[in-house]
Amino acid sequence: MSRLGRYWIFFVIVAVGLALRWGQIGRKTPQVLRDDPVIYLQTEKDCRPNAAPCAALGSDRAVVLGPAKSGLLARTTGLDEAAIIQVEVVMLGADGVALGRRTLAADAPVWHVRGLPPGTRLLRYRITGSRETTVAEFPL
């Protein structure tokens, strides 16, 4: 076999391997989403929770965030409060970098967030339940 033929065989083997691997991409996604579904809520237009309460809405649930005497106060509706396992809030900067992360009490009727890091432009609430995870994002 000529030298060119050996290179040709090598590249054909690599190309077939890559094609087979790329064919597998995305096949596990339905299984992961079936096992641990994530529900993203849509935030109301012109939402400014520092000034007035606003909501992130889903078909059967909502998270409402509004001003408090110190910081921000969030509460939910439509979620099975007994099934909530963990509540996490992530403070994001304008460039999407996490500036802070706090775990809140899962059994609290409302969640109070005080002392936001300077430069916080977005709050992301991640509410993990026994059956699904709910995510709500609020611009600041």
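- The minimum heavy-atom distance linking Y125 with V113 is given by the pair OH-CG2, 3.4 Å.
- Hydrophobic clustering places I39 together with W111 (ILVMFWY residues linked when any side-chain heavy atoms are closer than 4.5 Å, directly or through intermediates).
- The disulfide (SG to SG under 2.5 Å) pairs that include a residue from residues 52-127 are C47-C54, where partners are two or more places apart or lie in different chains.
- Within the 4.5 Å cutoff, no side-chain heavy atoms of T134 are placed close to those of R126.
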Could you pull out every donor-acceptor pair under 3.5 Å between side chains of residues 84-108 and any protein atom, sequence neighbours left out?
unit_1	atom_1	unit_2	atom_2	d
E88	OE2	R101	NH1	3.4
D95	OD1	V97	N	3.2
R102	NH1	R114	O	2.4
R102	NH2	R114	O	3.2
R102	NH2	G115	O	2.7

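- By the 4.5 Å heavy-atom criterion applied to side chains, V64 and T77 are not counted as neighbours.
- Counting heavy atoms from C-beta outward, L41 and V135 have side chains that stay 4.5 Å or more apart.
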Hey, mind stepping through T76 and I127 against side-chain contact (heavy atoms from CB on, under 4.5 Å) and telling me if it holds? CA-CA 10 Å; T76 65; I127 305 164; 3.9 Å; yes
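- The shortest distance between side-chain heavy atoms of R48 and P139 falls below 4.5 Å.
- In this structure, H112 and A68 approach most closely via the heavy-atom pair NE2-CB, 3.8 Å.
- Ion pair E132/R61 flagged as a salt bridge, since at least one NZ, NE, NH1 or NH2 atom sits closer than 4.0 Å to an Asp/Glu carboxylate oxygen.
- Side-chain contact between L72 and F138: absent, with no pair of heavy atoms (C-beta onward) separated by less than 4.5 Å.
- In this structure, the side-chain contact (heavy atoms from CB on, under 4.5 Å) partners of P67, at least two apart in sequence or on a different chain, are P53.
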